[in-house]
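One structure is given below, encoded as structure tokens.
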Amino acid sequence: MRKWIVMIVVGLAGMLCPTMVAHGSEGTGAGVDYRVVPLPRHIEMGKGEGFVLNEDCRVVVLSEGRDIWRCARFLQEYVAEATGMEIAANEVRVKGKSIVLRLNPKMTEKEGYRISVTKKEVLIEGLTAQGVFYGIQTLRKAMNGAVGEASSMTGNAGQRAQTLVLPAVTIEDAPRFAYRGMHLDVARHFFSVDFVKEYIDMMALHNMNTFHWHLTDDQGWRIEIKRYPRLAEVGSRRNYTTLGRNAAVDDGTPYGGFYTQRQIREVVRYASDRFITVIPEIDMPGHMLAALTAYPELGCTGGPYEVEGHWGVFDDILCAGREETFSFVEGVLEEVMELFPSEYIHIGGDEAPRIRWQQCPRCQRRIADEGLTEKNGQKAEARLQGYFTKRVERFINDHQRKLIGWDELMESDVNESATIMSWRGVEGGIAASERGHDVIMSPTSHCYFNFYLVEEHDWGEPFAFDAVIPVEKTYGFDPAPATLSQQAQNHVLGVQGNLWSEYIHYDTQAEYQVLPRMGALAEVQWMDASKKDFQEWVERERRLTLLYKKKGWRFAPHVFRR
């Protein structure tokens with residue numbers, strides 16, 4: 001095979017004004033372009049020759065620890081992915097050209113990184129190995145964009161570079177938000193371990209650090225709990241699935257699936273290797289029909305119950321008047337916390353109708369015994385949910401963890417220590433932050449990727465929720481605008497995109513729904529809002545889709561057709 005060289009072409013304007021090149025007024029042709037997604041905070045193009053990457057180069061690890069050596073292995077993998085070149089790794093400097101990885105205790109931001117490229121070496125450093133990992137992701141995307149564009153121009157998509165020129169540069173970067181999340185609902189439709197890992201790979205590519213795994217709901221229980229085996233044996237299977245949007249007809253086909261504890265550990269480890277924390281969600285006290293079908297004695301009426309084949313909100317929830325309910329919740333959460341080392345445990349708390357509690361003598365007795373009278377506009381049953389949540393939170397706190405719940409928790413008297421995930425718009429999050437709660441913004445208005453992507457969806461679009469969030473709307477979201485008080489801004493931990501799976505049956509459809517919106521969200525999570533530019537992002541995201549194609553990921557093309 002004939003060798004070919006990907007050369008860097010920098011316009012004269014870029015040589016005179018590196019900032020202009022870094023921020024998109026001039027391109028770099030088919031060469032390495034450091035303007036990736038998310039866009040680094042500061043890019044200063046250097047003078048002189050760049051670094052020639054070839055198979056004689058080495059990865060040199062100058063710091064100790066398994067995490068940074070894992071970063072080195074990822075870098076080797078990414079170089080091979082982009083160029084086909086296999087490069088070795090050493091722990092001491094060697095003669096010749098090197099890509100050096102090291103920890104720098106003088107740096108101040110936990111997830112920040114610095115990249116310095118000269119003729120002699122590429123240096124990637126961070127305060128932590130996680131910062132180094134994000135620096136490697138930036139280099140990975142820059143390399144793949146170069147090789148991908150060159151392959152497209154030559155028509156030799158199967159060829160790989162034998163030599164790649166990395167232009168001289170200094171990049172300094174760090175994220176705006178500490179919490180940068182994506183959610184996946186596996187209760188409505190089940191996704192394999194292989195796809196969950198692929199989803200985590202997508203997140204890593206976009207510099208995200210938190211995977212919110214929605215594991216239980218009315219339509220299925222997806223996690224093995226050894227103390228309560230019927231949750232998996234019975235609660236994981238429904239008898240049918242409705243067609244369309246809760247049609248009167250259904251497919252008449254049993255549907256199910258769950259993850260064993262071994263598989264859960266496998267996913268958690270896979271995510272941790274990529275510096276992603278997995279937060280499990282066990283929704284309670286509502287969205288519990290799957291659990292009630294397995295253990296009907298935990299409901300107010302005693303059943304019979306059925307794992308639900310329709311979508312929506314249902315009256316039957318856990319009975320807050322039974323002590324057995326709390327024993328069950330604690331038993332489940334104990335095993336969940338053994339599987340997931342995350343700081344946070346998500347308990348949902350949303351869409352929990354209280355009609356059964358109003359009619360249940362046990363729940364009414366609990367209300368009387370605890371003195372839960374109507375207060376501050378909250379009815380007694382609303383305060384009963386507050387009692388339920390506080391009791392569960394105390395158990396979670398006793399295990400050195402913290403509780404997250406959806407914004408409905410603000411309608412009951414929950415503790416200020418509860419973290420609120422705001423989904424019904426941003427108003428609930430703003431109110432919670434003003435009251436001292438930590439907040440994660442995840443509003444339906446900007447962050448629900450199960451919605452259509454285009455205003456006029458036609459028959460060519462996969463069936464989705466009947467609402468629209470175009471990519472530019474996601475991109476324009478600011479989770480903590482300057483209009484908030486400083487106290488409220490300080491409580492906004494970050495932002496998360498959600499993928500609910502009622503109408504998402506297949507892996508490829510899930511990919512299509514989140515890409516390229518995940519790229520838009522990545523800049524919301526990472527960049528200062530004042531530095532974002534949608535049209536400029538479109539061109540950078542276009543280069544990133546070359547890597548999507550290489551990975552075999554489906555993505556929606558609408559934004560690139562304009």
Self-check item: Chi angles and distances behind the side-chain contact (heavy atoms from CB on, under 4.5 Å) call for L139, L166
Solution: CA-CA 9 Å; L139 187 62; L166 307 177; 4.0 Å; yes
Would you call [X] and [Y] a salt bridge, taking side-chain N to carboxylate O under 4.0 Å as the test?
X: K532; Y: E523; answer: no
X: R70; Y: D67; answer: yes
X: E266; Y: R269; answer: no
X: R140; Y: E81; answer: yes
X: R176; Y: D478; answer: yes
X: E198; Y: K551; answer: no

For [Y], is there any backbone N or O sitting under 3.5 Å from a side-chain donor or acceptor partner on [X]?
X: R102; Y: S63; result: no
X: K141; Y: V37; result: yes
X: H437; Y: A418; result: yes
X: S272; Y: V268; result: no
X: D407; Y: W423; result: yes
X: N209; Y: G181; result: no
X: E125; Y: R114; result: no

Looking only at the side chains, is there a donor atom on one of [X] and [Y] sitting less than 3.5 Å from an acceptor on the other?
X: S501; Y: D185; result: yes
X: Y34; Y: E44; result: no
X: D194; Y: S192; result: no
X: T210; Y: Y344; result: no
X: E434; Y: S485; result: yes

Looking at [X] and [Y], what are the two nearest heavy atoms and their distance?
X: A89; Y: W69; result: CB-CZ3, 4.0 Å
X: I345; Y: P280; result: CD1-CG, 3.9 Å
X: F177; Y: E111; result: O-OE1, 4.4 Å
X: I115; Y: G135; result: CD1-O, 3.4 Å
X: A510; Y: F191; result: CB-CE2, 4.2 Å
X: V32; Y: V165; result: CG2-O, 3.3 Å

Practice problem: Measure from NZ or CZ of R274 to the centre of the six-membered ring of Y270, then state whether that distance is under 6.0 Å and the direction lies within 45° of the axis. | Solution: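 R274 over Y270 ring: yes.
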Quiz prompt | Cation-pi check, R180 onto Y134 ring (under 6.0 Å, within 45° of axis) | solution =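 Yes, R180 sits over the ring of Y134.
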Hey, is [atom1] on [X] packed in by over 12 heavy atoms from elsewhere, all under 6.0 Å?
X: E49; atom1: CD; result: no
X: F463; atom1: CZ; result: yes
X: R554; atom1: CZ; result: no

Exercise. Please lay out, stage by stage, how N498 and Q496 fare under the test side-chain hydrogen bond (donor to acceptor under 3.5 Å, both in side chains).
Key: CA-CA 7 Å; N498 291 343; Q496 174 177 291; 2.8 Å; yes
Self-check item: Ring centroid separation H346 to W406 under 6.0 Å
Solution: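 Yes, close enough.
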Quiz prompt | is_close_aromatic(F133, Y113), centroid dist under 6.0 Å | solution =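 No: the rings miss the under 6.0 Å criterion.
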Any side-chain heavy-atom pair of [X] and [Y] under 4.5 Å:
X: T128; Y: F275; answer: no
X: L215; Y: V186; answer: yes
X: Q76; Y: V59; answer: yes
X: Y179; Y: D438; answer: no
X: W537; Y: Y475; answer: yes
X: V559; Y: P516; answer: yes
X: N450; Y: Y503; answer: no
X: F534; Y: V471; answer: yes

Could you give the distance from [atom1] ([X]) to [atom2] ([Y]), rounded to the nearest 0.5 Å?
X: N104; Y: I124; atom1: CG; atom2: CD1; answer: 13.5 Å
X: E281; Y: I223; atom1: CD; atom2: CD1; answer: 12.0 Å
X: E541; Y: R517; atom1: CD; atom2: CZ; answer: 12.5 Å
X: Q489; Y: L484; atom1: CD; atom2: CG; answer: 5.5 Å
X: L62; Y: L101; atom1: CG; atom2: CG; answer: 8.0 Å
X: I469; Y: T474; atom1: CD1; atom2: OG1; answer: 5.5 Å

Quiz prompt | Plane angle bin for H183 and H212 - parallel if under 30°, tilted between 30 and 60°, otherwise perpendicular | solution =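 The rings of H212 and H183 stand perpendicular, inter-plane angle above 60°.
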Quiz item: Going by the angle between their ring planes, with limits at 30° and 60°, are Y78 and F74 parallel, tilted or perpendicular?
Solution: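 Rings of Y78 and F74: parallel, under 30°.
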Quiz item: Which is it for I43 and V169 under the side-chain contact (heavy atoms from CB on, under 4.5 Å) test, yes or no, and what are the steps along the way?
Solution: CA-CA 7 Å; I43 304 173; V169 74; 3.7 Å; yes
Practice problem: In sequence, state the C-alpha distance, the side-chain angles, and the governing distance for M202 and Y548, and then conclude on side-chain contact (heavy atoms from CB on, under 4.5 Å). | Solution: CA-CA 9 Å; M202 292 180 202; Y548 296 170; over 6 Å; no
Quiz item: What's the verdict on side-chain contact (heavy atoms from CB on, under 4.5 Å) for W526 and R41, showing C-alpha distance, side-chain angles and the deciding distance?
Solution: CA-CA 9 Å; W526 191 271; R41 182 184 292 176; 6.0 Å; no
